[in-house]
Amino acid sequence: MSMRNKQQVAKQFSRAANSYDKAASVQHYALQQLLVGLPSKPERPALSGHWLDIGCGTGAAFAPLRALGVTTLTGIDLAEGMLSVAKQKQLADALLLADADALPLDDNSIDGVFSNLMLQWSETPLATLQEWRRVLKTDGQLAFTTLLPGTQQELKDAWWAVDQGTHVNEFTAADTLLTSLEQAGFAVHQQMTECWVDDYDDLAQLLRGLKQIGATNVNSGRRSGLGGRRQLQQLAAHYPTRYRDGKAVLPVSYQILTVHATAKACVATTEARS
């Protein structure tokens with residue numbers, strides 16, 4: 001399978017920047033779950049030092065990170081549109097348009113890395129985590145959420161019944177991610193996996209909601225566009241429903257992994273990027 005086009009991912013999130021905060025229900029939920037575990041060590045009553053928010057989006061985590069004690073905060077995102085919205089919050093010391101796999105920061109220079117629902121966009125999570133470890137000081141904190149296989153399974157199954165095409169993003173398994181964390185030089189001390197379900201009134205609302213948060217398919221082999229009217233009618237016919245307060249709704253499931261870890265001492269570091 002060919003690599004995802006990072007610039008395509010950035011473009012779709014930039015397009016979604018203005019609608020993102022109102023539509024990003026799963027992102028807001030995952031953010032709250034991630035914040036619950038901070039500070040992640042009892043001997044650290046508050047956060048401090050220089051933290052990165054990687055994949056910061058519109059800056060939803062800036063205020064709570066500041067409230068937890070972060071002294072210096074740098075937001076990083078590959079989507080220029082997201083950074084434009086984040087800038088309006090005026091809560092970050094710096095905003096960098098940068099790739100999470102190639103951070104323009106020195107080795108062992110950062111006290112903490114925070115990342116909410118960004119790692120699932122990485123084609124090579126191990127390389128991404130190694131880069132995050134590179135910039136972290138020994139014993140620096142890592143807190144992130146990501147999506148796991150089973151996410152949007154209802155949509156995946158419904159599309160498969162229509163045309164067997166690739167319409168839903170693929171996700172890395174939790175076991176693989178945890179192994180990658182160990183290989184990258186992290187010690188995991190908290191992890192949690194849970195399923196969170198969002199509901200939509202109809203298919204049009206569901207597809208529009210995914211578009212508004214930039215969660216469209218970027219996998220190799222994807223079909224362009226949403227499909228014609230007949231395909232969408234077939235998709236609606238195959239999409240499962242559940243009942244909420246006596247009303248039929250269309251569910252979208254998200255399998256969320258939440259991790260808190262610390263950076264272990266490294267034998268050697270890579271050359272600092274400038």
Side-chain angles (χ1 to χ4, degrees), residues 9 13 16 20-21 23-41 47 51-65 67-68 70 73-79 82 86 100-101 103 110 112-133 136 140-153 168-182 184 186-198 209-210 213-215 218 252-263:
V9 175
F13 277 102
Y20 189 85
D21 283 337
S25 300
V26 62
Q27 285 82 1
H28 293 314
Y29 175 79
L31 173 61
Q32 295 307 313
Q33 296 302 105
L34 187 55
L35 290 167
V36 166
L38 290 174
S40 56
K41 286 191 171 183
L47 304 184
W51 277 66
L52 307 179
D53 183 355
I54 300 180
C56 67
T58 60
F62 291 173
L65 287 174
L68 286 169
V70 170
L73 179 59
T74 298
I76 297 175
D77 208 287
L78 195 58
M82 288 289 187
D101 294 339
L103 300 172
I110 301 299
V113 168
F114 185 93
S115 183
N116 182 40
L117 294 188
M118 173 268 148
L119 188 61
Q120 69 269 12
W121 296 106
S122 172
E123 192 72 28
T124 53
L126 174 57
T128 305
L129 291 168
Q130 287 173 330
E131 176 66 353
W132 296 359
R133 174 62 191 91
L136 274 171
Q141 296 187 63
L142 170 63
F144 74 88
T145 57
T146 190
L147 298 177
L148 301 173
T151 292
Q152 298 179 0
Q153 190 66 44
V168 175
N169 290 313
E170 298 295 333
F171 303 97
T172 303
D175 287 348
T176 300
L177 290 170
L178 294 172
T179 298
S180 294
L181 278 161
E182 174 68 24
F186 288 99
V188 176
H189 45 84
Q190 292 181 34
Q191 58 166 300
M192 178 178 68
T193 302
E194 62 180 321
C195 179
W196 186 84
V197 182
D198 205 0
L210 295 181
I213 60 172
V218 295
V252 180
S253 298
Y254 293 90
Q255 301 292 334
I256 304 170
L257 174 66
T258 302
V259 171
H260 292 88
T262 52

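Count residues from 1 along the sequence.
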Exercise. Counting N and O atoms only, with roles assigned by atom type, does the side chain of Ser122 sit under 3.5 Å from a partner on the main chain of Thr124, one being a donor and the other an acceptor?
Worked result: yes
Sequence neighbours excluded, the answer for side-chain hydrogen bond (donor to acceptor under 3.5 Å, both in side chains) partners of Thr151 is none
Checking Leu210 against Gln152 for the side chain to side chain contact (heavy atoms under 4.5 Å, CB included) test, could you report, in this order, the C-alpha distance in whole Å, the side-chain angles of both residues, the deciding distance, and whether it holds?
CA-CA 10 Å; Leu210 295 181; Gln152 298 179 0; 3.8 Å; yes
side-chain hydrogen bond (donor to acceptor under 3.5 Å, both in side chains) filter on Gln130, not counting sequence neighbours, yields none
Note to self: Just so I know, are the side chains of Gln141 and Leu47 near enough to count as touching, which here means a heavy-atom distance under 4.5 Å?
What the structure shows: yes
- Task: Please confirm whether the backbone N or O of Thr193 pairs with a side-chain atom of Gln255, one donor and one acceptor, at under 3.5 Å?
- Result: no
Pairwise side-chain contact, Phe186 with Ser180, heavy-atom cut-off 4.5 Å (strictly under): no
For Val197, the side chain to side chain contact (heavy atoms under 4.5 Å, CB included) test, sequence neighbours excluded, returns Cys195, Asp199, Arg242, Pro251, Ser253
A side-chain contact here means heavy atoms from C-beta on lying under 4.5 Å apart; do Thr262 and Leu142 qualify? no
Between Gln27 and Tyr254, a side-chain donor and acceptor under 3.5 Å = no
Residue set satisfying ring-ring contact (aromatic ring centres under 6.0 Å, His included) with Phe62, at least two apart, ordered chain then number -> none
Applying side chain to side chain contact (heavy atoms under 4.5 Å, CB included) to Ala143 and not counting sequence neighbours gives Leu34, Leu38, Phe114, His260
- Item | Any Ile256 side-chain heavy atom under 4.5 Å of Leu147 side chain | yes
Hits for side chain to side chain contact (heavy atoms under 4.5 Å, CB included) against Thr172, two or more places apart or cross-chain, chain-then-number order -> Pro125, Thr176, Leu177
With sequence neighbours left out, the residues meeting side-chain hydrogen bond (donor to acceptor under 3.5 Å, both in side chains) with Thr146 are Gln120
For the side chain of Thr145 and the backbone of Leu117, is there at least one donor-acceptor N/O pair under 3.5 Å apart? yes
For Thr179, the side chain to side chain contact (heavy atoms under 4.5 Å, CB included) test, sequence neighbours excluded, returns Gln183
By side-chain hydrogen bond (donor to acceptor under 3.5 Å, both in side chains), Thr74 pairs with (sequence neighbours left out) His50
Residues passing the salt bridge (Lys or Arg N to Asp or Glu O under 4.0 Å) test with Glu182, sequence neighbours excluded, are Lys264
